[in-house]
Undergrad: 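If you scroll down you'll find the structure; I have some questions about it.
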Amino acid sequence: MSERPLTQNMRPDGEALTIKEYERTGGYQALRKALKMPPKEIQEIVKNSNLRGRGGAGFNTGMKWSFVPMGNDAPRPKYLIANADEMEPGTFKDKMLIELNPHQLIEGMIISALAIEADIAYIFLRWEYRLAAARAQKAITEAYENNYLGKNILGSGFSLEMHLHISAGRYICGEETALLNALEGRRAIPRAKPPYPQICGLWGKPTVVNNAETFSNVPHIILRGADWYKGLSRSTDGGTKIYGMSGRVKKPGLWELPMGTSIREILEGNAGGMQEGYELCYLIPGGASTEFLTAEHLDVKMDFDSVPKVGSRMGTGTLVVIDDKTCPIGVLHNLEKFFARESCGWCTPCREGLPWVTSILEAIENGQGQAGDIEMLATHGESLWLGRTFCALAPGAMEPLRSGLKLFKSEFEQHIIEKRCPWR
Amino acid sequence: MLSEKETHEIEKELKQYKTRQAAGVEALKIIQRSRGWVDDEGIKDLSAILGMTPDELDGVATFYNLIFRKPVGAHVILICDTVSCWVMGYEKILSHLKNRLGIGLGETSPDGLFTLLPIPCLGACDKAPAMMIDEELYWNLTPEKIDELIKRYGWKG
């Protein structure tokens, strides 16, 4: 069995690793090592490891850090934020990582803070993750008690404050600039970029926001090196990936596998294939805002470069399987309703366009579709696309819609002509 | 007026953030925990502490769906209506809940026991369908399990 650095030490009983257990399995050794390294060297190792952002965008993490102003002239304080506002439909990996191994996230954050010389760190967690909140808070307290956090960490001269911020809902908070507004106590609308948060982020200071899974990788990279990390992967992206699968499969769940594992291996090898009586119709590869893939794509490797070659994105890497007994128009309606509700309302195309799309889909699903509806949906697919809206929420919402219009043209027409849903 | 306990908890939160406004969301949750929801008076009193106008703070409060600006029942049910739960039987679960409680989404039962609200993906996709009652997550829901749960929270049927 291949190495699973993020999950192999987790307890099988579902309890969190205590700080003692975490230390016994090598925990906080990477921090001790990093405290002796110059910040730029930490950045360089992480960059060379080709760790790419696990929130879904896949940007090289070390590269992201390299834009932060460094040295004595840099504006202070600098901030580091873990984005644990996991709300992408079908995504449940960060919850598991925080619940079962909170110290791994915290150690990764401290090392990353060292790399950018940050002074204050926040874990931005959604309210609904109550168990994760309790365990993260306990772990932060333990880390302070052991001087992994606080002033003069392990006598190194480096100090870091860490706080748990528990949010109060809204998907848009996961967008990194909206997250900054949320942390400042404002309405969580996105900010214009540039300036990027690394230069002008929280309260106008240099800020790095990374996903919780991204940070959880950092201690292992520092401890074992960039080459070892790249060796874990079956693709050019470094490391392992927490993949997930839900829907009508026999064994839905999460698995840490080499980056670049194929969809077929995940579906057949890990999820046990489809449930009896159900056939695979299509897949949503990495959260609601990724284009659909079908059975012909089963041998595609799940990594940041391979999935775009077939017209979608890996996103969060947690796949939702849609079966043949589920109406594809109903799925699209469900997805677009989600995006319409979660739009922050800041820019007009998103605020007005998404409810329009949703109401057309609802009508079609209920057998009240009209001639011209499909064309109107396609028009929205263009007018809410990249470059037309303030942030990526609306284009993300259009990814499933655009692929749905291509894949299910005859199903759309059937609903409209027969004035009913053939699945009901 | 804010109670002594509310004021004390809010003061503690203010220390976590660089600005008073940044403690706003947490402070709204403190008021909500003690009163069940955030009333107009709470907004007014809190805005003075945070150095915001009441309207500014209300703009923040109404942005976040887990801050309740209307009274809710003794228990709040947050039912996941997102794609994995939808595929795995959300509609059946929802209609069962509606029948049992006699309310729709966004409503509170006449006895004041439950408020039913939709919520995006609860991160229990491998155990769908799922919902929360207050701070507890429940999964692999069936009509039978729903009955058992709402009874536990005081439903007399």
Side-chain angles (χ1 to χ4, degrees), chain A residues 77 86-96 120 122 126-132 163-171 173 182-189 202-203 244-249 251-254 284 287-288 318 320-323 326 330-331 334-335 337-338 341-342 344-345, chain B residues 13-29 32 38 50-52 56-68 78 80-91 117-132 134-137 139-140:
Chain A
E86 183 170 69
M87 227 179 288
E88 184 68 35
T91 303
F92 50 112
K93 64 188 181 63
D94 299 336
K95 178 167 177 272
M96 179 275 285
I120 302 173
Y122 287 100
R126 64 182 297 200
W127 180 87
E128 296 91 324
Y129 283 5
R130 306 310 301 152
L131 186 60
H163 305 282
L164 176 65
H165 175 89
I166 299 172
S167 189
R170 299 308 292 274
Y171 170 71
C173 294
L183 256 183
E184 291 183 8
R186 303 170 195 276
R187 291 171 72 88
I189 51 174
L202 194 62
W203 291 298
M245 196 167 262
S246 61
R248 298 235 178 246
V249 292
K251 293 182 291 178
L254 292 166
I284 316 176
T318 39
V320 182
V321 174
I322 309 292
D323 58 84
T326 300
V331 170
N334 176 275
L335 295 174
K337 195 169 99 183
F338 162 80
R341 189 173 70 198
E342 297 302 326
C344 77
Chain B
E13 275 310 314
L14 287 170
K15 294 191 191 108
Q16 290 240 18
Y17 298 92
K18 193 183 150 191
T19 66
R20 300 180 81 79
Q21 176 174 355
V25 173
E26 200 50 52
L28 287 164
K29 282 190 280 180
Q32 185 162 297
V38 180
L50 299 176
M52 302 165 77
E56 269 180 316
L57 182 61
D58 200 18
V60 173
T62 53
F63 186 88
Y64 296 93
N65 58 301
L66 293 170
I67 302 296
F68 306 139
L78 300 171
C80 173
D81 63 354
T82 317
V83 63
S84 299
C85 282
W86 186 82
V87 168
M88 299 302 288
Y90 155 79
E91 286 184 341
L117 297 171
I119 196 83
C121 190
L122 289 171
C125 317
D126 54 343
K127 304 187 275 281
M131 69 180 191
M132 289 179 83
D134 300 334
E135 303 209 1
E136 290 297 320
L137 177 67
W139 55 83
N140 289 335

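What you are looking at is a predicted structure, and each value in this text was computed from that prediction instead of being measured. Here is the naming used below: chain letters follow the sequence lines, and residue numbers restart at 1 for every chain.
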Undergrad: What option among A:Ser167, A:Ala288, A:Gly244 has the most heavy-atom pairs under 4.5 Å with chain B?
TA: A:Ser167
Undergrad: Measuring heavy-atom distances to chain B, does A:Leu183 have an atom under 4.5 Å in its side chain, in its backbone, in both, or in neither?
TA: both
Undergrad: Under 4.5 Å from any heavy atom of chain B, what part of A:Ile284 do you find: side chain, backbone, both or neither?
TA: side chain
Undergrad: Shortest non-hydrogen contact from A:Lys95 to B:Leu137?
TA: NZ-CD2, 3.8 Å
Undergrad: Once you round to the nearest 0.5 Å, how far does CG of B:Leu66 lie from CD1 of A:Ile166?
TA: 12.0 Å
Undergrad: By a 4.5 Å heavy-atom criterion (distance strictly below it), what part of A:Thr91 contacts chain B: side chain, backbone, both, or neither?
TA: backbone
Undergrad: Between chain A and each of B:Lys29, B:Glu136, B:Lys127, count heavy-atom pairs under 4.5 Å; write down the option with the most.
TA: B:Lys29
Undergrad: Where does A:Tyr171 contact chain B at under 4.5 Å (heavy atoms): side chain, backbone, both or neither?
TA: neither
Undergrad: For A:Lys93 and B:Gly123, indicate whether the former's side chain and the latter's backbone hold a donor-acceptor pair under 3.5 Å.
TA: no
Undergrad: Does the side-chain contact (heavy atoms from CB on, under 4.5 Å) test come out yes or no for A:Trp127 and B:Val25, once each step is laid out?
TA: CA-CA 11 Å; A:Trp127 180 87; B:Val25 173; over 6 Å; no
Undergrad: Where on A:Ile322 is there a heavy atom nearer than 4.5 Å to chain B: the side chain, the backbone, both, or neither?
TA: side chain
Undergrad: Donor-acceptor check, side chain of B:Gln21 to backbone of A:Gly185, threshold 3.5 angstrom: yes or no?
TA: yes
Undergrad: Let me know if A:Glu128 has heavy atoms under 4.5 Å from chain B in its side chain, its backbone, both or neither.
TA: both
Undergrad: Of all the heavy-atom pairs spanning A:Glu184 and B:Thr19, show the shortest one and how long it is.
TA: O-OG1, 4.4 Å
Undergrad: Quick one: what part of A:Val331 sits under 4.5 Å from any heavy atom of chain B, side chain, backbone, both or neither?
TA: both
Undergrad: Between A:Arg126, A:Met96, A:Lys337, who has the most heavy-atom pairs with chain B when the cutoff is under 4.5 Å?
TA: A:Arg126
Undergrad: Measure A:Asp323 against the heavy atoms of chain B and call it side chain, backbone, both or neither at under 4.5 Å.
TA: side chain
Undergrad: Go through the structure and list residues passing ring-ring contact (aromatic ring centres under 6.0 Å, His included) with A:Phe92, not counting sequence neighbours.
TA: none
Undergrad: Under a 4.5 Å cutoff for heavy-atom pairs, which residue among A:Ala168, A:Gly345, A:Ser246, A:Gly169 has the most contacts with chain B?
TA: A:Ala168
Undergrad: What pair of heavy atoms forms the shortest contact from A:Glu342 to B:Pro120, and how long is it?
TA: OE2-CG, 3.4 Å
Undergrad: Relative to chain A, which segment of B:Gln32 carries a heavy atom at a distance below 4.5 Å: side chain, backbone, both, or neither?
TA: neither
Undergrad: Which atoms form the tightest heavy-atom contact between B:Leu122 and A:Tyr129, and what is the distance?
TA: O-CE1, 3.4 Å
Undergrad: With no hydrogens and no angle check, do the side chains of A:His165 and B:Tyr17 hold a donor and an acceptor under 3.5 Å apart?
TA: yes
Undergrad: Considering only heavy atoms and a distance below 4.5 Å, find which of B:Val87, B:Ile67, B:Leu78, B:Leu28 pairs most often with chain A.
TA: B:Val87
Undergrad: Could you tell me which portion of A:Cys173 (side chain, backbone, both or neither) has an atom closer than 4.5 angstrom to a non-hydrogen atom of chain B?
TA: side chain
Undergrad: Chain A heavy atoms under 4.5 Å from B:Gln16: which part of the residue, side chain, backbone, both or neither?
TA: both
Undergrad: Give, as side chain, backbone, both or neither, the part of B:Met132 having an atom under 4.5 angstrom from any heavy atom of chain A.
TA: side chain
Undergrad: How far apart are the closest heavy atoms of B:Thr62 and A:Arg187, and which atoms are they?
TA: OG1-NH1, 3.9 Å
Undergrad: Of the backbone (N, CA, C, O) and the side chain (C-beta and beyond), which part of A:Arg130 lies under 4.5 Å from a heavy atom of chain B, both, or neither?
TA: side chain
Undergrad: Mind ranking B:Ala124, B:Gly59, B:Ala23, B:Ala27 by heavy-atom pairs under 4.5 Å with chain A and telling me who comes out on top?
TA: B:Gly59
Undergrad: Could you tell me which non-hydrogen atom of B:Ile119 sits nearest to which non-hydrogen atom of A:Arg341, and how far apart they are?
TA: C-NH2, 3.7 Å
Undergrad: At what distance, to the nearest 0.5 angstrom, does CE of B:Met52 lie from CZ of A:Arg186?
TA: 8.0 Å
Undergrad: Looking only at heavy atoms and a cut-off of under 4.5 Å, which of B:Ala128, B:Cys85, B:Pro118, B:Ser84 has the most pairs with chain A?
TA: B:Ser84
Undergrad: Would you find a donor on one side and an acceptor on the other, under 3.5 Å apart, between the side chain of B:Asn65 and the backbone of A:Arg170?
TA: yes
